[in-house]
Visitor: 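Would you mind keeping the following structure in view while I ask a few things?
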Amino acid sequence: MFLHRQVFRRLNSTFVPRHVFPDYRIALTDFKGHQMRAIQRFQQLLPQLNLLLELRDSRAPISTRNVIFDDLMVNRRGGNTKRLVLYTKSDLCPKETIEKLRVWHSELGDEFMTLDSRSARDVRNLIKILEWKYDQTIEQTLGHVEGNEGLPLGYRILVAGMPNVGKSTLVNTLRFVGAAKTHNLSESVHGSVSHKRRKVAKTGGQAGVTRATSECIRIADHRGGIYLYDTPGVSLPGRVTTREKMLSLSQCGCVKNNLVDPIIQADYLLYIMNLQNPAAYDQYTKGLPTNNVYKVLAGVGKATGIKDDNGAAIHWIDKWRQGARQTKQKISFDVETLLDDESFSYKDLVARELEQLGPWLSSVPQDGQKSAGQRLSKQALKAKNSNQLFNL
Ligand SMILES: Nc1nc2c(ncn2[C@@H]2O[C@H](COP(=O)(O)OP(=O)(O)OP(=O)(O)O)[C@@H](O)[C@H]2O)c(=O)[nH]1
């Protein structure tokens with residue numbers, strides 16, 4: 001192993017990674033009917049909400065950011081609702097990405113926090129922030145905090161984000177930590193939470209586990225209570241997706257995992273690893289970096305006994321999707337995190353995407369009305385969805 005690493009270091013100086021990913025044709029959206037219903041519900045709930053907790057996967061902070069929430073908040077419908085961005089899966093995220101997030105969010109004057117949604121310690125800190133934000137809201141609306149019982153409906157939060165970013169996991173941990181505080185229950189020694197007993201929201205490694213917005217869930221007793229709604233993940237409409245975004249989303253498990261060919265997905269993983277840290281796969285290539293995905297898959301096949309390339313690709317991708325706990329390496333799935341501040345402006349990206357989205361949200365029907373998609377006959381809708389390539 002020691003020798004392998006030495007060889008790797010020597011060759012690494014001459015290895016040239018690809019700087020452009022091939023122009024493969026892949027599906028450009030995974031938007032579904034229940035997500036449209038979720039957006040309708042957001043619009044109904046917004047006027048009575050105090051905070052939007054927008055979750056993004058910290059391994060893909062650009063791809064898992066959904067411009068629909070910007071449009072909801074920034075442009076017109078947010079009212080007095082504030083927003084706090086939470087980057088989940090911080091346990092799997094490279095430190096350099098967190099530095100980037102600091103720079104990007106300071107460009108916009110936006111608030112954000114990184115956390116592991118399963119960690120009681122991180123979630124306890126989040127609850128403190130939510131209580132403090134509640135106090136601030138009371139001060140702004142009622143003028144004073146001391147002796148005030150709180151807002152009539154308590155402090156109301158909507159938890160939203162792309163599919164599979166960890167919304168239900170966070171809701172469960174918030175519930176557990178809140179209940180532990182109220183009833184003086186002890187948490188596990190390591191500060192992680194066993195969801196077996198207090199799970200209120202279904203979780204899973206696949207996109208689209210939550211299909212409907214939950215009822216209001218009480219998570220803390222502060223000043224009459226802090227309440228939240230868990231919501232289904234909302235994907236990006238085709239007009240604001242790109243090929244790289246879909247590959248990155250697929251790598252995080254935010255779109256159905258049969259949407260992208262496993263070999264193409266594995267090639268993207270190799271491409272992004274080569275730009276950051278080819279040592280992340282050196283166990284499969286005897287420490288030699290390569291741009292040839294089949295060489296890596298042959299190594300995966302040898303190590304696991306999986307005979308075909310497709311199976312080896314699925315195994316390798318999935319290991320990284322779940323977090324590659326065995327390897328201790330951390331990889332960002334978004335190329336933007338690798339660019340310097342001269343080459344990439346977060347603020348410009350947000351403005352550009354809002355422009356690309358245009359009046360899309362205005363065309364989302366209010367409750368009771370049918371959307372263009374719903375008005376199509378069932379057969380036509382099935383045909384439209386089967387190629388997954390339409391621009392909504
Ligand atoms: N390592 C790690 N895994 C996490 C974290 N948060 C969630 N997960 C895992 O990510 C997967 C998806 O979590 P969910 O809570 O079901 O995600 P969701 O956003 O509710 O998904 P949808 O219902 O599809 O919208 C699960 O396997 C979780 O265990 C985290 O902070 N760190």
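Counting starts at 1 for both ligands and their atoms, in listed order. Numbering starts at 1 and runs along the sequence shown. When reading the values below, keep in mind they use all heavy atoms of this one structure, side chains included, and skip hydrogens, waters and symmetry mates.
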Visitor: Which heavy atom of Met162 sits nearest to which heavy atom of Val165, and what is that distance?
Guide: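 That closest heavy-atom pairing would be O-CG2, 3.1 Å.
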Visitor: Got a sec, which residues hit salt bridge (charged side-chain N to carboxylate O under 4.0 Å, His left out) with Glu111, two or more places apart in sequence or on another chain?
Guide: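 If we apply the salt bridge (charged side-chain N to carboxylate O under 4.0 Å, His left out) test to Glu111, skipping adjacent residues, the hits are Lys133.
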Visitor: Which atoms of ligand 1 have any heavy atom of Asn164 under 4.0 Å away?
Guide: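 Selected atoms, number and element: 11 (C), 12 (C), 17 (O), 18 (P), 19 (O), 21 (O), 22 (P), 24 (O), 25 (O).
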Visitor: Pick, from Arg321, Lys89, Lys167, the option with the minimum heavy-atom distance to atom 25 (O) of ligand 1.
Guide: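 When every heavy atom of Arg321, Lys89, Lys167 is considered, Lys167 comes closest to atom 25 (O) of ligand 1.
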Visitor: Is the closest N or O pair between Val165 and ligand 1 shorter than 3.5 Å?
Guide: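 Indeed, backbone or side chain, Val165 has an N or O that close.
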Visitor: May I ask you to check whether Phe112 and Trp104 place their ring centres under 6.0 Å from each other?
Guide: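 When the ring centroids of Trp104 and Phe112 are compared, they turn out to be at least 6.0 Å apart.
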Visitor: Report yes if some N/O of Ser168 lies less than 3.5 Å from some N/O of ligand 1; otherwise report no.
Guide: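 For ligand 1, there is an N or O atom that lies under 3.5 Å from one belonging to Ser168.
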Visitor: Using a heavy-atom cut-off of under 4.0 Å, does the side chain or the backbone of Asp91 touch ligand 1, or both, or neither?
Guide: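 Just the side chain.
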Visitor: Do any nitrogen or oxygen atoms of Thr169 lie less than 3.5 angstrom from nitrogen or oxygen atoms of ligand 1?
Guide: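 Indeed, backbone or side chain, Thr169 has an N or O that close.
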Visitor: Which pairs with one or both residues in residues 240-250 pass side chain to side chain donor-acceptor pair (under 3.5 Å), sequence neighbours excluded?
Guide: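 Counting only pairs at least two positions apart or across chains, the side chain to side chain donor-acceptor pair (under 3.5 Å) contacts touching residues 240-250 are Ser63-Ser248, Lys245-Glu353, Ser248-Asp334, Ser250-Gln265.
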Visitor: Is the distance from the ring center of His19 to that of Tyr271 below 6.0 Å?
Guide: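 They do not qualify: ring centres at least 6.0 Å apart.
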Visitor: Within the 4.0 Å heavy-atom shell around Arg118, which atoms of ligand 1 are there?
Guide: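 Counting from 1, the qualifying ligand atoms are 1 (N), 2 (C), 3 (N), 4 (C), 30 (C), 32 (N).
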Visitor: Taking atom CZ of Phe21 as the centre, report whether more than 12 heavy atoms of other residues, nucleotides or ligands fall under 6.0 Å from it.
Guide: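 Yes - once you tally the heavy atoms of other residues, nucleotides and ligands closer than 6.0 Å, there are more than 12.
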Visitor: Would Pro163 count as being in polar contact with ligand 1, using the rule that some N or O on each side must be under 3.5 angstrom apart?
Guide: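 No; the residue has no nitrogen or oxygen that sits under 3.5 Å from a nitrogen or oxygen of the ligand.
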Visitor: Below a 4.0 angstrom heavy-atom separation, can you tell me which part of Leu92, side chain or backbone, both or neither, approaches ligand 1?
Guide: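 It is the side chain that gets close, since no backbone atom is under 4.0 Å.
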Visitor: Below 30° counts as parallel, above 60° as perpendicular, anything between as tilted: where do the rings of His105 and Tyr346 land?
Guide: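 Taking Tyr346 first and then His105, their aromatic rings sit tilted (interplane angle of 30° to 60°).
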Visitor: Taking the six-membered ring for Trp, is the centroid-to-centroid distance between Tyr227 and Tyr155 below 6.0 Å?
Guide: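 No - the distance between ring centres of Tyr227 and Tyr155 does not fall below the 6.0 Å cut-off.
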Visitor: Any atoms of ligand 1 less than 4.0 Å from a non-hydrogen atom of Gly233? List them with their elements.
Guide: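 Near Gly233, the atoms of ligand 1 are 25 (O).
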Visitor: Before signing off on this row, confirm whether Thr88 and ligand 1 have an N or O atom pair separated by under 3.5 Å.
Guide: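 No: no nitrogen or oxygen of Thr88 is under 3.5 Å from one in ligand 1.
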